[in-house]
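Keep in mind it's a predicted model, so treat the numbers as computed, not measured. Naming convention: chains lettered A, B, ... in sequence-line order (proteins, then strands); numbering from 1 in each chain.
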Amino acid sequence: MKPSLPQGTRDFSSTVLRKRNFIFQTIKSVFELYGFEPLETPAMENTETLLGKYGDEGDKLIFKILNNGLDNPAKKESAKADFDLVLEGKTNKGITERALRYDLTIPFARYVAMNHGQLSLPFKRYQMQPVWRADRPQRGRYREFYQCDADVAGSTSLLHEIELSLIYSSVFEKLGVPVAININNRKILNALANLCGGEDRMTSITVAIDKLDKIGIEKVKEELISRGLNIEQVAIVESFISIEGSNEEKLEKLDEMFNSDEIGKQGIAELRHILSAVQQTTLNQQLVIDLSLARGLNYYTGSIFEVKATGVQMGSIGGGGRYDDLTGLFGVKGIAGVGISFGVDRIYDVMDELGIFPESIQKGTTVLFFNTGSEEEKHILKMAQELRSKGISTEIFHEATKFDKQFKYAERKNIPYVVIIGSKEIEAGTCMVKNLLKSTQVEINASELAQRLMENKL
RNA sequence: GAGGUUGUAGCUCAGUAGGUUAGAGCGUCUGAUUGUGGUUCAGAAGGUCGUGGGUUCGAAACCCAUCAUCCUCCCCA
């Protein structure tokens with residue numbers, strides 16, 4: 001059979017992996033600076049843990065795992081009945097009890113709900129693991145990709161929104177990715193829905209206005225009408241998303257628009273608080289109010305965030321928000337949450353396109369010992385171990401072939417130093433060191449090798 | 001779930017008004033070179049032309065199906 005990969009998945013070569021790890025390290029270090037602690041959850045969850053949490057579209061995109069033992073003759077009839085249900089679009093336990101995780105937020109909520117007795121709240125955790133979606137792959141979209149999430153459970157303080165904004169800003173600054181960090185508040189959108197015929201319009205409105213920067217105002221209006229809003233209501237939405245100016249100007253206009261809506265006023269106050277606090281800090285990638293930002297996931301209840309790379313055509317590379325009753329889905333009431341997520345694979349694509357990965361992260365082997373024969377090999381093994389014990393990554397060429405080949409190996413792997421030790425050098429207690437970057441060569445005392453490599457004097 | 005693109009050597013790609021034995025560059029291997037590469041030169045290996053069917057005297061090329069790919073929409077990171 002021809003070897004191949006499942007659709008939407010990728011292998012990662014060392015070059016790619018070093019770049020990805022650079023992103024992981026950067027995010028992780030910032031998370032830890034803010035006191036978040038690591039957590040890992042299983043790749044699979046019970047199907048019922050995930051179903052119904054991401055909307056109808058989301059449910060379709062969850063990878064379900066087929067149960068084992070369906071061929072058990074004793075259960076043949078019930079398996080057939082269960083399968084008929086699947087054909088009607090009704091996923092059920094008889095066919096799939098487990099599914100691959102779709103994001104990191106729901107597993108986190110599940111974890112908090114299961115362990116809230118032991119956790120001291122607020123609980124701040126970060127998680128960096130792959131998630132899977134049965135989506136059609138395309139640019140910036142994979143079926144297996146990594147998310148890096150930082151969430152806080154058990155606190156309604158806006159301090160977390162402020163700090164999460166700072167985390168976003170700090171990570172992208174360290175990575176050198178130019179971004180726009182957008183913020184909005186679901187309570188304001190809620191107030192907008194109230195003005196337009198009631199809260200049940202919320203989803204229709206948010207789905208439509210979320211597309212504003214993609215399809216333009218006219219198409220958004222068309223969509224709103226097709227979703228059942230009348231002309232006056234569409235006009236209200238239009239005046240809402242047309243609000244422009246600085247953050248402060250936008251807030252003032254919102255004050256006017258929602259001066260009689262308690263929830264709306266609360267949302268505006270939250271936004272104002274977060275923005276004014278962030279202004280006191282060194283956040284240099286400014287947080288910007290984006291009133292068309294809605295975010296699809298319907299569990300958000302307060303602040304919502306989205307990060308987009310500027311200057312590169314790519315979907316959002318991060319998102320998040322507050323969900324005041326997440327663990328409620330698992331029967332534990334009263335635990336609020338707020339969190340953000342980084343889409344590592346898209347960040348990678350953006351950085352690769354911009355060519356902004358630092359050169360220094362591609363360091364692999366430092367020294368290659370040439371192989372000049374089995375007698376010399378024993379001697380070289382000892383020297384290599386000594387270098388390794390000093391933290392210098394060292395390889396010995398695997399066979400005593402012509403130097404031509406050994407040089408090519410070093411070149412291909414970008415190994416800067418080649419050390420040649422033959423019978424002459426062993427006798428003299430020296431070694432020949434060649435710097436391939438500078439094309440220089442010196443013979444030095446074998447005992448000085450490690451020291452001089454570490455001092456970079458070769 | 002809907003629409004489109006592409007599929008030829010390990011990689012990047014040529015190649016068709018349908019015609020003998022399918023090409024190039026890069027890479028790989030061998031030699032020129034018994035301990036000093038990257039240049040050069042000579043040579044070699046490597047292809048069920050995605051798969052299956054059809055049209056034809058004849059198909060990599062035309063038609064149909066299928067699989068894969070990348071992209072767009074939906075939705076999202």
Side-chain angles (χ1 to χ4, degrees), chain A residues 1-10 13 23 27 54-62 89 101-105 128-149 168 179 203 206-208 210-211 214-215 219 223 293-298 305-309 313-321 339-350 368-373 376 397 400-415 418-426 431-443:
Chain A
M1 81 175 257
K2 246 189 192 169
S4 66
L5 281 171
Q7 189 179 36
T9 65
R10 300 150 298 159
S13 67
I23 300 174
I27 295 173
Y54 309 105
D56 291 344
E57 286 298 316
D59 281 356
K60 286 184 203 157
L61 299 181
I62 294 170
R101 89 163 86 74
Y102 178 90
D103 72 355
L104 301 179
T105 307
M128 312 201 296
Q129 289 190 277
V131 303
W132 293 269
R133 295 185 189 177
D135 217 339
R136 246 343 139 68
Q138 55 187 278
R139 179 180 160 84
R141 174 172 307 198
Y142 308 99
R143 290 188 143 186
E144 177 185 61
F145 60 96
Y146 269 86
Q147 290 194 331
C148 295
D149 280 29
Y168 262 148
V179 293
T203 307
T206 55
V207 168
D210 206 27
K211 297 177 189 164
K214 207 165 187 176
I215 63 178
K219 294 265 181 188
E223 178 151 354
L293 170 59
R295 299 198 53 78
L297 295 173
N298 45 25
F305 297 99
E306 191 159 274
V307 183
K308 289 197 146 189
Q313 194 61 39
M314 181 65 69
S316 64
I317 56 177
I340 55 170
S341 179
F342 290 83
V344 173
D345 300 77
R346 284 186 179 174
I347 295 172
Y348 178 96
D349 289 343
V350 167
L368 176 71
F369 279 96
F370 271 19
N371 195 321
T372 53
E376 292 87 344
F397 198 78
T401 58
K402 11 192 245 182
F403 280 20
D404 176 36
K405 267 187 121 172
Q406 308 200 35
F407 270 121
K408 276 189 176 155
Y409 181 82
E411 178 140 294
R412 265 193 101 92
K413 282 195 77 173
N414 260 318
I415 300 171
V418 151
V419 179
I420 303 168
I421 298 175
S423 48
K424 277 188 283 179
E425 285 83 4
I426 293 180
C431 58
M432 198 67 89
V433 185
K434 187 155 179 164
N435 182 326
L436 295 191
L437 301 177
K438 296 194 221 157
S439 289
T440 56
Q441 179 172 325
V442 285
E443 185 166 359

Using the P atom on both, measure U12(B) against G27(B) and round to a whole Å. 15 Å
Report which part of the nucleic acid Asp135(A) touches: base, sugar-phosphate, or nothing (heavy-atom distance under 4.0 Å, all strands). base
Taking atom C1' in both U30(B) and G46(B), compute the distance separating them and give it to the nearest angstrom. 15 Å
Using whole Å, what does the distance between atom C1' of nucleotide G27(B) and atom NZ of Lys413(A) come to? 18 Å
Pick base, sugar-phosphate or nothing for Gly58(A), based on heavy-atom distances below 4.0 Å to the nucleic acid. nothing
In short, Val419(A) meets Cys431(A) closest at the heavy-atom pair CG1-CB, 3.9 Å
Just N and O in the side chain of Lys405(A): are any of them under 4.0 Å from OP1 or OP2 of U28(B)? no
Think Arg143(A) has a side-chain N or O under 4.0 angstrom from the OP1 or OP2 of C76(B)? no
Across the strands shown, which category fits Lys402(A) at heavy-atom distances under 4.0 angstrom: base, sugar-phosphate, nothing? sugar-phosphate
Please report the shortest heavy-atom distance between Met314(A) and Val350(A), naming the atom on each side. CG-CG2, 3.9 Å
Which part of the nucleic acid does Glu376(A) contact within heavy-atom distance under 4.0 Å: base, sugar-phosphate only, or nothing? nothing
U21(B) and C49(B), which share atom name C1', separated by this distance in whole Å: 15 Å
With P as the reference atom in both, quote the distance from C74(B) to C11(B) in angstrom, rounded to an integer. 35 Å
Write down the distance separating the C1' atoms in U20(B) and G7(B), rounded off to the nearest Å. 27 Å
Smallest heavy-atom separation, Phe305(A) atom then Leu293(A) atom, equals C-CD2, 4.0 Å
Measure from the ring center of Tyr168(A) to the ring center of Phe342(A) and say whether it is less than 6.0 Å. yes
Considering all heavy atoms of both residues, which atom of Val207(A) and which atom of Glu223(A) are nearest to each other, and what is their separation? CG1-OE2, 4.1 Å
Side chain of Arg141(A), base of A77(B): donor and acceptor closer than 3.5 Å? no
Phe403(A) has its side chain closest, among U72(B), U36(B), G27(B), to U36(B)
Distance check needed: A77(B) P versus Ile340(A) CD1, whole Å only. 13 Å
Quick note, Ile420(A) side chain, CB onward, closest among G35(B), C75(B), A77(B) is G35(B)
Where the side chain of Arg136(A) is concerned, which of G37(B), C76(B), A2(B) is the nearest nucleotide? A2(B)
Looking at U72(B), I'd like to know if its phosphate oxygens (OP1 or OP2) sit under 4.0 Å from a side-chain N or O belonging to Gln138(A). yes
Starting from the C-alpha separation in whole Å, work towards a yes-or-no answer on side chain to side chain contact (heavy atoms under 4.5 Å, CB included) for Tyr146(A) and Asp345(A). CA-CA 6 Å; Tyr146(A) 269 86; Asp345(A) 300 77; 3.8 Å; yes
Within this structure, what is the CD-to-P distance between Glu411(A) and G27(B), rounded to whole angstrom? 11 Å
Under 4.0 Å, counting only non-hydrogen atoms across every strand here, what does Arg139(A) touch: a base, just sugar-phosphate, or nothing? sugar-phosphate
Quick one: Phe145(A) CZ to C76(B) P, roughly how many Å, whole number? 12 Å
Sugar-phosphate, base or nothing in reach of Leu436(A), heavy atoms under 4.0 Å: base
With a non-hydrogen cut-off below 4.0 angstrom, is Ser423(A) in contact with a base, only sugar-phosphate, or nothing? base
Pair Lys408(A) + Glu411(A), salt bridge at N-O below 4.0 Å: no
With a 4.0 Å limit, can you tell me whether Lys211(A) has a side-chain N or O closer than that to the phosphate oxygens OP1/OP2 of C75(B)? yes
For Gly315(A), which contact category applies under a 4.0 Å heavy-atom criterion: base, sugar-phosphate, or nothing? nothing
Could you measure between the two C1' atoms, the one in U66(B) and the one in C13(B), and give it in whole Å? 26 Å
Below 3.5 Å, does any donor atom in the side chain of Glu57(A) face an acceptor in the base of G1(B), or the other way round? no
On RNA chain B, more 5' by nearest nucleotide between Arg412(A) and Gln441(A) is Arg412(A)
Could you check whether the rings of Phe397(A) and Tyr409(A) sit parallel, tilted or perpendicular, using 30° and 60° as the cut-offs? perpendicular
Distance check, C1' atoms only: G35(B) and C26(B), in whole angstrom units. 30 Å
Taking all atoms of both residues into account, what is the closest heavy-atom pair of Gln313(A) and Arg139(A), and its distance? O-NH2, 2.6 Å
Judged by each residue's nearest nucleotide on RNA chain B, which is more toward the 5′ side, Gly343(A) or Asn435(A)? Asn435(A)
For atom OH of Tyr54(A) and atom P of C75(B), their distance in whole Å: 18 Å
Take atom NZ of Lys308(A) and atom P of C76(B), then tell me their distance rounded to the nearest Å. 12 Å
Looking at Gln7(A), I'd like to know whether one of its side-chain N or O atoms comes within less than 4.0 Å of OP1 or OP2 on U69(B). yes
Just checking Val344(A): base, sugar-phosphate only, or nothing, at a heavy-atom cut-off of under 4.0 Å? nothing
Name the nucleic acid region contacted by Met314(A), choosing base, sugar-phosphate or nothing; use a 4.0 angstrom heavy-atom cut-off, strictly under. nothing
When the distance from CD1 of Ile62(A) to P of C76(B) is rounded to whole Å, what number comes out? 13 Å
Sugar-phosphate only, base, or nothing, as touched by Tyr142(A) at under 4.0 Å among non-hydrogen atoms: base
For atom CD1 of Ile215(A) and atom P of U72(B), their distance in whole Å: 16 Å
Please give the distance between the C1' atoms of U28(B) and A68(B) as a whole number of Å. 27 Å
Interatomic distance, Thr9(A) atom OG1 to Gln7(A) atom CD [nearest 0.5 angstrom]: 9.0 Å
For RNA chain B, report each stem as range with range, ordered by first number, or say none. Use Watson-Crick or G-U wobble pairs under 3.5 Å, at least 3 in a row. B:1-4 with B:70-73, B:10-13 with B:23-26, B:28-32 with B:40-44, B:50-54 with B:62-66
What closest approach, in Å, do Met128(A) and Cys148(A) show between heavy atoms, and which atom pair accounts for it? SD-SG, 3.5 Å
